[in-house]
**Student:** 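First the structure, then my questions, so here it is.
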Amino acid sequence: MNEEYNPKQVEDKWRDFWREQGFFRAKTEAGGKKFYYLNMFPYPSGSLHVGHGRNYIIGDVVTRFFIMRGYNVLNPMGWDAFGLPAENAAIERGIHPRNWTIKNIAAAKEQFRSWGIEYDWDREITTCLPDYYAWTQWLFLKLYENDLAYKKEAAVNYCPVCDTVLANEQVVGGVCERCGTAPQRKTMKQWFFRITAYADRLVDDLDALTGWPENVKKMQKNWIGRSSGAEVLFRTEDGDEIVVFTTRPDTLWGATFMVLAPEHPLVDRVTTEEERAAVEDYRERAARASDIDRLSTEREKTGVFTGGYAINPASEEKIPIWIADYVLMAYGTGAIMAVPAHDERDFAFALQFGLPIIPVIEPSNGHAESFAAAGTMADGFGAALVADGISAAESAAGIRVSLEAGQIDRYIEIAREYLKPGRFTAVVGARFAVILEDGVYDLDSVRSDREILARLQQLDPALAGARTVMEVLAGIAEYEGFLFHSEYGTMVHSGRFSKVAGAEARAKVTEWLEETGKGRGAINYRLHDWLISRQRYWGAPIPIIYCERCGIVPVPEEDLPVLLPDVEFIGKMGLADIPGYAETICPRCNSPARRDTDTMDTFVDSSWYYLRFISPQEKERPFVVEDVNRWLPVDQYVGGVEHAILHLLYSRFITKALNDMGYLDFNEPFIRLFTQGMVCHTAYRCPEHGWIYPQQVEDGRCPHCGATLETANFSMSKSKRNVVAPAEIIDRYGADTERLYTLFMGPPDRDIEWSEEGVRGSFRFLNRVFTLVIAEAERVAAASERLNPDVLDRAGKDLWRRYHRTVRKVTEDIEGRFNFNTAVSAIMELVNELAKYVKEGGEDDALVREVIQGLILILSPFTPFFCEETWRRIGNTDAILDQQWPSFSAMALKEAMREIPVQINGKVRMRVNIPTTISSDSEALKAAVLAAESVCDRLAGKEIINVIAIPDKLVSIVVK
RNA sequence: GCGAAGGUGGCGGAAUUGGCAGACGCGCUAGCCUUAGGAGCUAGUGGGGAAUACCCGUGCGGGUUCGAGUCCCGCCCUUCGCACCA
C-alpha cells in the first residue's frame with residue numbers, strides 16, 4: 001500500500017524549520033553577491049486573501065532561488081501602519097488604532113507563516129512605532145533645512161468625509177481616492193514638499209530605468225506633465241499684467257480674446273460695473289459645480305464677458321477678457337490667450353460666443369476647400385475648373401471644390417470670372433478668403449473680420465444675426481472639418497513673422513518675446529508640490545513649533561521623536577483636539593510656544609522605508625550610509641500597479657533629495673520594478689440585495705428574494721464578497737498547492753481568474769510527484785554509481801536531455817522573465833517524462849537519482865514544504881536551502897538527431913530525422929532533405945524552384 | 001479625445017530572435033481499476049472529414065515573405081491610465 005501525500009503533516013513538520021535555521025537572515029556586512037528583493041510593504045488591514053498572496057509568493061520563490069544560487073539575499077517585510085483606514089476602523093469598533101493595527105500585523109504574520117513565506121524578521125519595521133517615525137520626522141527636518149519643505153497658504157482639496165486635506169494625487173477623477181466624496185476647495189496654510197524642484201529629473205531619469213514597465217514610466221511622465229512653450233505678458237487696459245502660459249507662441253497673432261479661470265485673482269479688477277453681477281453669478285456657480293461636472297468634456301462651454309480688455313502684445317489689438325470654467329486655476333497661470341483658429345476648445349468657445357476667429361497658421365498640407373452654392377456661379381464654371389485640372393464635384397446643392405497646394409490663386413481667378421452679381425463664395429483651409437464681385441478679401445485680422453461680415457450682411461439679409469465671418473462659414477455644411485486645425489505650419493498674418501515655418505516659428509517668436517520683454521520661454525508642469533499636512537491623529541506628527549518671537553522653529557533633532565500623545569482613542573480627531581498637545585516651549589528662546597498639530601501624509605512614511613531595512617535597529621540615525629550605499633538600489637521591487645504614481649514618484653523624489661544632501665550615492669531607489677496583476681473571482685450581485693457570498697448562491701439565484709443574480713469577474717475584495725480565504729485552500733490542499741497554482745495560473749503581470757478546478761490540478765500534480773518519488777525513494781537513496789551519459793539507452797538519453805532543458809528553462813524563467821507559469825509547466829513536462837521512463841522499466845539508477853534530486857531542487861522555490869519533505873525521503877539529511885541550484889550542461893542539451901520539418905509551398909508536409917552534425921549546416925541539410933526518400937516521393941514530377949534551409953530548424957521547398 | 005496593454009480551442013494559457021500554432025493545466029469523452037472518492041491509471045480532445053488523405057484555422061480586411069500569432073498598412077472590440085493640461 002503506497003503512502004499518500006498528506007500536505008498538513010508535511011507542512012506542520014517544516015513550518016518553522018527555515019526560520020529556526022536562519023536561512024532568510026541577510027548578512028549586512030558580508031561581501032559577495034548581494035540581492036535586495038523587496039515587496040511593497042502592506043497596509044495591515046483585515047485578513048489577507050489568496051489574491052494578496054500572489055505578490056508575496058512570487059517574492060518567496062525569487063528569494064529561495066537566489067539563496068540557492070549563492071547570493072546574500074535580503075528580503076525584508078514591514079508594515080505601512082499609519083493612516084486613515086486604521087483610524088476609521090478604530091472609530092467603528094471603538095478601539096485604539098494602535099491595537100487594531102497590531103492585531104492585524106499579528107494575523108498577517110501568521111498568514112505568511114502558513115504560506116511558507118519567510119522574511120528576515122529581524123528587520124521588521126512598523127511605521128507607526130516611534131523608533132521608525134522618529135526618522136520620518138528627521139526626514140521632514142532635512143527637507144526643511146534644504147528648503148524642500150515649506151508652508152504656504154493654498155487652495156487645497158478638503159475631504160469632508162475623511163475630515164482632512166488631500167494631496168493632488170489623492171484626488172482621482174475629481175473625487176477623494178479613498179471615500180469617493182467630491183472634495184471641497186478650501187484655502188488653508190499647509191506644509192508642502194517641493195517635489196516640483198525635481199520635476200525635470202523625475203521625468204528625464206525615467207529613460208535610464210530600463211528595468212521598469214513602460215506603462216508605469218508613461219503614467220509618471222503624464223502625471224508630471226511637462227510641456228514647454230512660453231509665458232506671454234498681456235496687459236489690461238488699466239495696465240495690470242496677466243501672464244499666460246502657451247505651448248504655441250507661434251499662434252500669438254491669432255489670440256483674439258483671453259480667458260481667465262473663474263477663481264483668477266485679477267477677475268475682480270478687470271470686471272466692469274456693468275458686467276459685475278453676471279461675473280459674480282458665474283463665479284458662484286463655478287465654485288458650486290463639482291469638479292466632475294467641470295471636467296466633463298461633453299459639456300457645452302460656458303463663460304461670461306468681464307467687460308475688460310487686454311492688449312495682444314503682438315498684434316496690438318484690443319481683445320476682450322472672458323472668464324470660463326474650462327480654464328483651470330490649477331494649471332499654468334490660470335489664464336490663457338485664446339487662439340480659436342488653432343485650438344479646439346477656444347474654437348468652440350469663440351463660435352458659441354461670437355468671438356472673432358483669425359487663422360494665423362497655414363496647415364502643412366496646403367489643402368483648401370471651396371463651395372459655391374447653386375446659383376452663385378454662371379454656367380460653365382464647373383467645366384472651366386475641370387479644364388484647369390481643378391477637381392470639382394457638382395451636386396444639386398452646388399459645386400464643391402477641392403484645391404491642392406498651388407491651385408488656390410488660379411481658382412480664385414476663375415471664381416471671380418464666373419461669380420454672379422450680388423453673390424459671394426469663399427476659400428477655406430490653406431487660405432481663408434471671401435470672394436466678392438469687387439475683390440478678394442482675406443480673413444487676416446479682427447478688422448477684416450468686421451469689414452467682411454458687414455459686406456456679407458449687405459448681400460444677404462439672412463446673415464444679419466451672424467457675429468463673425470467664421471460663424472457664417474460654419475453655417476455651410478461643406479466646410480465642416482476645414483475651419484480649424486491645431487497643426488504646426490507656416491505662420492501667416494503675423495507681421496514680420498509671416499512665412500516663418502514650423503518648428504522655427506516657436507523658437508523665433510519666443511526669442512522675440514524675450515528681446516522685447518513681452519514674455520519668455522517657459523516650461524510648465526502638471527505636477528504640483530506635494531501637500532503633506534493631514535488633520536488626523538494616526539500619523540507622524542509634523543516636528544515644527546510656532547513661537548511668537550522666533551516664528552517657525554523646527555524641533556531639534558535630539559528632541560525627536562515628537563511622540564503621538566498616548567490618549568485613549570475617543571473617535572474622529574486630530575492632534576488639535578487633544579488638550580495640552582500643542583503647548584510647548586520654544587527651543588530657541590524658551591518662551592511658551594505651540595506645536596504644529598497636523599500629522600504627515602502616510603506616503604511620507606513609505607517614501608523612505610526601503611532605506612531603513614538595511615539598519616532597522618539603528619538608534620542614532622535613520623540608516624547607516626555606507627551599508628545603504630552598498631545594498632541599494634533595490635535589485636527587484638514588486639508591487640501593485642496602483643502605486644505607479646503616488647508611492648513610486650514620492651520614493652524617487654525622496655531618494656534624489658537625499659542624494660543631493662549627500663546621504664546616498666544613488667539617485668533611483670528601485671533598479672527593476674515588476675507590477676503583478678490582480679487575482680479575480682466571480683462576484684454575484686442581486687439587484688435588490690447587493691453582493692452575495694458565493695456559498696449562499698443557489699442555482700444562480702439570490703438566497704433572499706430568488707432573483708437571478710448578475711455575475712461578473714472582479715478583483716477580489718471584501719466589499720464584493722468574492723474573496724477566497726487562504727485557509728479554505730490550505731486546509732483542503734495545503735499551502736504548497738496554493739503556491740503552485742497561484743504561480744501556474746497565468747503570467748504574473750496579468751490579471752487572472754482564480755479557479756477551484758485549477759487548484760485541484762496543482763494538487764493532483766503534487767500527488768503524482770509524491771507517489772513517484774516515494775516509489776523510487778529506495779532506489780534513489782541506494783544508487784551509488786555516477787551518472788554516465790554514454791551508457792544511457794535512447795529513452796534514458798531523452799530523459800537526461802529533457803532534465804537539463806528543464807533546468808535551463810526554469811532558471812531563465814525565474815531569473816529573467818519572471819514567467820513562473822511556464823517554469824511550472826516545464827517541470828510538469830519533466831515529471832511526465834520521468835514517470836514514463838520509470839513506468840517503461842527505465843533501468844539507469846544514477847539517471848533516476850539525478851533527475852529526481854534535480855526535480856525536487858528546482859521545484860523547491862515553488863513548493864518548499866513538499867520539497868523539503870521529499871528531499872529527505874530520498875536519503876538526504878541536509879536542508880534544501882543549503883543546496884546549490886542545479887546547473888545544466890551544454891553537452892547534455894546536445895542531441896544526436898533532430899526532426900526537421902519540411903515545408904512544400906509553405907505547408908509542413910513531412911518531417912525527416914537528420915543527424916545534428918548535418919542539420920546544423922545549411923547546405924548539408926538541404927542536400928540531406930532532398931535526398932530523403934519521403935521527400936523524393938513527394939516531389940516526383942515537380943519542378944523545384946527554390947529551397948531554403950534553416951540550420952536545425954526547417955527546410956522550405958518551393959515547387960511548381 | 002489622447003496614451004498603453006491586449007484579442008490564440010469549451011476555459012486558464014504556451015509559442016523567448018519571422019520557422020512544426022494550441023506546450024502545460026482545467027474541463028470534457030471513452031475505457032480500466034475500485035465496498036464509490038473532490039482518488040488513481042490508459043487513450044482521445046481546434047473545426048470539417050471514414051481517413052494516418054486533404055481542406056480550414058491565432059478579432060476583421062489588405063500587404064511583405066519560401067514561410068506571419070509574430071513584421072507593415074487600415075479597421076473593429078476589450079481592459080487600464082489620463083482626460084477642457086492652454
Side-chain angles (χ1 to χ4, degrees), chain A residues 2 4 172-174 213-219 221-223 225-227 229 244-248 251 259 261 294-299 301 324-328 330-339 342-346 348-349 486 524-526 641-642 644-645 677 732-733 740-741 744-747 749-765 767-768 771 809 812-813 816-817 819 821-832 835 839 899-911 945-950 952-959:
Chain A
N2 277 340
E4 278 190 18
V172 175
E214 284 306 318
N215 60 333
V216 172
K217 292 201 274 186
K218 193 82 192 180
M219 278 155 86
K221 229 173 224 175
N222 288 345
W223 186 265
R226 176 168 66 187
S227 53
V244 305
F245 173 78
T246 177
T247 54
R248 295 295 303 272
T251 63
V259 186
R294 269 183 78 159
L295 289 175
S296 163
T297 332
E298 310 293 298
R299 208 168 61 121
K301 296 258 177 302
D325 64 5
Y326 81 93
V327 173
L328 310 173
Y331 185 81
T333 61
I336 62 158
M337 63 179 212
V339 184
H342 305 293
D343 180 285
E344 200 176 357
R345 297 149 298 171
D346 298 343
F349 192 82
S486 55
N524 192 57
Y525 304 91
R526 206 185 87 111
V641 74
E642 66 273 18
I645 296 167
R732 194 170 292 169
Y733 306 106
L740 190 68
Y741 174 63
F744 178 63
M745 60 183 162
D749 55 341
R750 228 182 290 168
D751 288 355
I752 35 171
E753 195 193 334
W754 184 267
S755 122
E756 186 83 19
E757 284 73 33
V759 175
R760 269 209 296 280
S762 293
F763 181 64
R764 220 170 332 195
F765 169 75
N767 270 293
R768 227 170 44 241
T771 311
K809 177 146 183 66
E812 288 172 357
D813 279 352
R817 301 202 310 164
N819 275 12
N821 55 329
T822 52
V824 172
S825 46
I827 294 173
M828 287 173 169
E829 285 176 85
L830 174 64
V831 169
N832 290 344
K839 186 171 175 315
E899 194 183 62
I900 300 292
V902 179
Q903 293 187 344
I904 293 172
N905 287 346
K907 293 211 161 79
V908 176
R909 293 300 181 188
M910 66 209 71
R911 295 155 223 278
I945 300 196
N946 195 8
V947 181
I948 293 127
I950 309 296
D952 291 331
K953 286 265 168 69
L954 96 172
V955 172
S956 181
I957 304 170
V958 189
V959 300

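Given the structure is predicted, the values throughout are model-derived calculations rather than measurements. Letters A, B, ... mirror the listed sequences (proteins, then strands); counts begin at 1.
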**Student:** Could you tell me whether the phosphate oxygens of B:G25, OP1 or OP2, come under 4.0 Å of any side-chain nitrogen or oxygen in A:R768?
**Tutor:** yes
**Student:** Nearest to the side chain of A:Y331, which nucleotide is it out of B:C85, B:G38, B:G13?
**Tutor:** B:C85
**Student:** For A:N819 and B:G13, is the shortest distance between a side-chain N/O and OP1 or OP2 below 4.0 Å?
**Tutor:** no
**Student:** Would a 4.5 Å heavy-atom cut-off, applied to side chains only, mark A:D343 and A:R248 as touching?
**Tutor:** no
**Student:** Would you say A:R764 places a side-chain N or O within less than 4.0 Å of OP1 or OP2 belonging to B:G27?
**Tutor:** yes
**Student:** With heavy atoms under 4.0 Å as the rule, sort A:E812 into base, sugar-phosphate or nothing.
**Tutor:** nothing
**Student:** Quickly work out the A:D749 CG to B:A5 P distance and round it to whole Å.
**Tutor:** 12 Å
**Student:** Nearest to the A:K839 side chain among B:A15, B:C24, B:C41, which nucleotide is it?
**Tutor:** B:C41
**Student:** I want to verify a distance call: between B:C85, B:G19, B:G25, whose nearest atom is closest to the A:I950 side chain?
**Tutor:** B:G19
**Student:** Write out the stems for RNA chain B, ordered by first number and formatted as range with range, counting runs of at least 3 consecutive Watson-Crick or G-U wobble pairs under 3.5 Å.
**Tutor:** B:1-7 with B:76-82, B:10-12 with B:24-26, B:27-32 with B:40-45, B:46-48 with B:54-56, B:59-63 with B:71-75
**Student:** For the side chain of A:Q903, counting heavy atoms from C-beta on, which of B:U42, B:C66, B:G25 is nearest?
**Tutor:** B:C66
**Student:** Which of the following nucleotides, B:A86, B:G19, B:C24, is nearest to the side chain of A:F245?
**Tutor:** B:A86
**Student:** Less than 6.0 angstrom from the centroid, inside 45 degrees of the normal: does A:K301 satisfy that with respect to the ring of A:Y326?
**Tutor:** yes
**Student:** For A:T247, report the nucleic acid contact type (base, sugar-phosphate, nothing); a contact means any heavy atom under 4.0 Å.
**Tutor:** sugar-phosphate
**Student:** For B:A14 and A:N821 - does any side-chain N or O of the residue sit under 4.0 Å from the phosphate oxygens OP1/OP2?
**Tutor:** yes
**Student:** Just compare B:C84, B:G38, B:C85 and give me whichever is closest to any side-chain atom of A:E756.
**Tutor:** B:G38
**Student:** Confirm from the modelled atom types if A:K301 and B:C84 form a donor-acceptor pair under 3.5 Å, side chain to base only.
**Tutor:** yes
**Student:** Side chain of A:N819, backbone of A:D813: donor and acceptor closer than 3.5 Å?
**Tutor:** no
**Student:** Looking just at side-chain N and O atoms, do A:N832 and A:R768 make a donor-acceptor pair shorter than 3.5 Å?
**Tutor:** yes
**Student:** Using a cut-off of strictly less than 4.0 Å, decide whether A:S227 has a side-chain nitrogen or oxygen near OP1 or OP2 of B:A86.
**Tutor:** yes
**Student:** How would you label the contact of A:R226 with the nucleic acid (heavy atoms, under 4.0 Å): base, sugar-phosphate, or nothing?
**Tutor:** nothing
**Student:** Is A:F349 touching bases, backbone alone, or none of the nucleic acid, heavy atoms closer than 4.0 Å?
**Tutor:** nothing
**Student:** Between B:U16 and A:K809, counting only base atoms on the nucleotide and side-chain atoms on the residue, is there a donor-acceptor pair under 3.5 Å?
**Tutor:** yes
**Student:** Rounding to a whole Å, what distance do you find between A:N215:CG and B:G3:P?
**Tutor:** 16 Å
**Student:** B:A53 P sits how many Å from A:R909 CZ, rounded?
**Tutor:** 10 Å
**Student:** What interatomic distance, in whole Å, is found between P of B:U64 and the corresponding atom of B:G81?
**Tutor:** 40 Å
**Student:** In terms of relative ring orientation, are A:F245 and A:Y331 parallel, tilted or perpendicular, with 30° and 60° separating the classes?
**Tutor:** perpendicular
**Student:** Nearest to the side chain of A:M828, heavy atoms from C-beta on, is which of B:G25, B:U16, B:G27?
**Tutor:** B:G25
**Student:** Nearest whole angstrom, please: distance from the P of B:A15 to the CG of A:L954.
**Tutor:** 20 Å
